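What follows is a short report on a single structure.
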Amino acid sequence: VQLQASGGGLVQAGGSLRLSCVASGRIFSINAMGWYRQAPGKERELVARITSSGDTNYDDSVKGRFTISRDNAKNTVNLQMNSLKPEDTAVYYCNADSLRERWYLSPHDYWGQGTQVTVSS
């Protein structure tokens with residue numbers, strides 16, 4: 001199983017970016033998919049998460065600005081980021097929570113390689 005993230009880049013404050021992540025390989029089910037970020041000198045933190053049934057949760061700092069969406073059939077998750085701020089600058093990581101390769105196998109978490117988002121003031 002691999003998670004491939006894309007869509008990062010450099011943008012001015014107030015701009016927008018869209019991150020995408022696709023999980024590939026042998027996949028039976030994924031409980032939740034999400035985006036985390038890690039800024040220099042800080043711990044990795046949850047940005048947004050979406051379950052297979054579509055329930056979402058967001059970090060308070062991005063509510064109203066970021067929107068997470070998911071296509072269960074394609075094992076993809078997207079993060080639309082609007083009204084970006086310099087404090088959103090970080091490496092963003094895609095996560096697949098409790099992914100099962102087969103129904104009878106134990107679930108595991110998987111991470112993408114990270115994509116850099118830089119917001120200039």
Side-chain angles (χ1 to χ4, degrees):
V1 175
Q2 286 188 327
L3 270 64
Q4 183 67 43
S6 61
L10 173 65
V11 65
Q12 289 188 335
S16 298
L17 283 174
R18 182 178 177 86
L19 304 183
S20 296
C21 175
V22 57
S24 61
R26 194 171 68 172
I27 299 171
F28 173 74
S29 65
I30 305 174
N31 176 45
M33 299 188 77
W35 290 94
Y36 290 70
R37 66 187 179 188
Q38 187 167 18
K42 295 188 177 181
E43 293 187 353
R44 190 173 298 188
E45 62 179 6
L46 173 68
V47 177
R49 183 175 180 269
I50 183 168
T51 68
S52 57
S53 58
D55 294 329
T56 59
N57 63 288
Y58 296 89
D59 183 78
D60 286 344
S61 66
V62 307
K63 285 181 180 178
R65 300 189 296 122
F66 291 10
T67 302
I68 191 169
S69 61
R70 176 176 174 176
D71 185 329
N72 291 331
K74 297 181 179 179
N75 294 318
T76 59
V77 62
N78 300 304
L79 185 68
Q80 179 65 42
M81 305 186 294
N82 298 328
S83 303
L84 282 160
K85 304 176 181 180
E87 51 263 45
D88 294 319
T89 295
V91 177
Y92 284 68
Y93 296 91
C94 173
N95 169 262
D97 175 13
S98 300
L99 184 152
R100 289 181 183 267
E101 295 186 41
R102 289 291 184 262
W103 66 268
Y104 51 84
L105 295 176
S106 298
H108 297 281
D109 291 352
Y110 291 86
W111 293 91
Q113 83 283 9
T115 184
Q116 177 71 46
V117 172
T118 303
V119 185
S120 62
S121 57

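Start at 1 with the first residue, then count along the sequence. As the structure is a computational prediction, the values presented were derived from the model and not from experiment.
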### Co-membership, hydrophobic cluster, residues W35 and V22, 4.5 Å side-chain
no
### Task
Can you establish whether the number of heavy atoms outside Q38 located under 6.0 Å from its atom CD is more than 12?
yes
### Message
Under the rule for side chain to side chain donor-acceptor pair (under 3.5 Å), what residues qualify as partners of N82, not counting sequence neighbours?
### Response
S16, Q80
### Message
Please evaluate residues L99 and H108 with respect to the criterion side chain to side chain contact (heavy atoms under 4.5 Å, CB included), reporting the C-alpha separation (whole Å), side-chain torsions for both, the decisive distance (0.1 Å), and the verdict.
### Response
CA-CA 5 Å; L99 184 152; H108 297 281; 5.8 Å; no
### Summary
In this structure, CZ of R102 is separated from CZ of R100 (nearest 0.5 Å) by 13.0 Å
### Query
Can F66 and L17 be said to form a side chain to side chain contact (heavy atoms under 4.5 Å, CB included), step by step?
CA-CA 10 Å; F66 291 10; L17 283 174; over 6 Å; no
### Euclidean distance, D59 CG relative to L46 CG, rounded to 0.5 Å
7.0 Å
### Query
Say you draw a straight line from CD1 of I68 to SG of C21; how long is it, rounded to the nearest 0.5 Å?
9.5 Å
#### Entry: Residue pair Q113 / V91, side-chain heavy-atom distance below 4.5 Å
no
### Query
Given the rule that I, L, V, M, F, W and Y join up when any side-chain heavy atoms are under 4.5 Å apart, are Y36 and V77 in one cluster?
no
### Salt-bridge present (K63, D60; N to O < 4.0 Å)
yes
### Message
Let me confirm one number: the CD-OG distance from E101 to S106, rounded to the nearest 0.5 Å.
### Response
11.0 Å
### Task
Provide the closest heavy-atom pair for M33 versus A23 in the form atom of the first, atom of the second, distance.
CE-CB, 4.4 Å
### Query
Roughly how far apart are Y58 OH and I50 CD1, rounded to 0.5 Å?
7.0 Å
## Note on the structure
Nearest heavy-atom approach of R70 to N72 is NE-OD1, 2.6 Å
### Message
Please determine whether side chain to side chain contact (heavy atoms under 4.5 Å, CB included) holds for the pair L79 and T67, giving the CA-CA distance in whole Å, both sets of side-chain angles, and the decisive distance to 0.1 Å.
### Response
CA-CA 6 Å; L79 185 68; T67 302; over 6 Å; no
### Query
Given the rule in the side chain to side chain contact (heavy atoms under 4.5 Å, CB included) test, do V62 and M81 qualify, once you have shown the distances and angles that lead to the verdict?
CA-CA 8 Å; V62 307; M81 305 186 294; over 6 Å; no
### Query
In Å and rounded to the nearest 0.5 Å, what is the OG to NZ distance from S121 to K85?
14.0 Å
### Query
Does the side chain of D109 reach to within under 4.5 Å of the side chain of S98, using non-hydrogen atoms?
yes
### Summary
Between I30 and A96 the two heavy atoms that sit nearest each other are CG2-CB, 4.0 Å
### For N78 against S20, the heavy-atom pair lying closest together
OD1-OG, 2.8 Å
### Task
Evaluate the criterion salt bridge (charged side-chain N to carboxylate O under 4.0 Å, His left out) for residue pair D88 and R65; output intermediate values, then yes/no.
CA-CA 11 Å; D88 294 319; R65 300 189 296 122; 2.8 Å; yes
### Task
For the residue pair Y92 and R37, confirm or rule out a side-chain donor-acceptor distance under 3.5 Å.
yes
### Message
Parallel, tilted or perpendicular, judged at 30° and 60°: which one describes the rings of W111 and Y93?
### Response
perpendicular
### Query
Any side-chain donor-acceptor pair under 3.5 Å between T76 and D71?
no
### Task
Give the minimum heavy-atom separation between A5 and T115, together with the two atoms involved.
CB-CG2, 4.5 Å
### Summary
Correct closest heavy-atom pair for L19 and G8 would be CD2-N, 3.5 Å
### Query
Side chains of T118 and Q116: do they bring a donor and an acceptor to under 3.5 Å?
yes
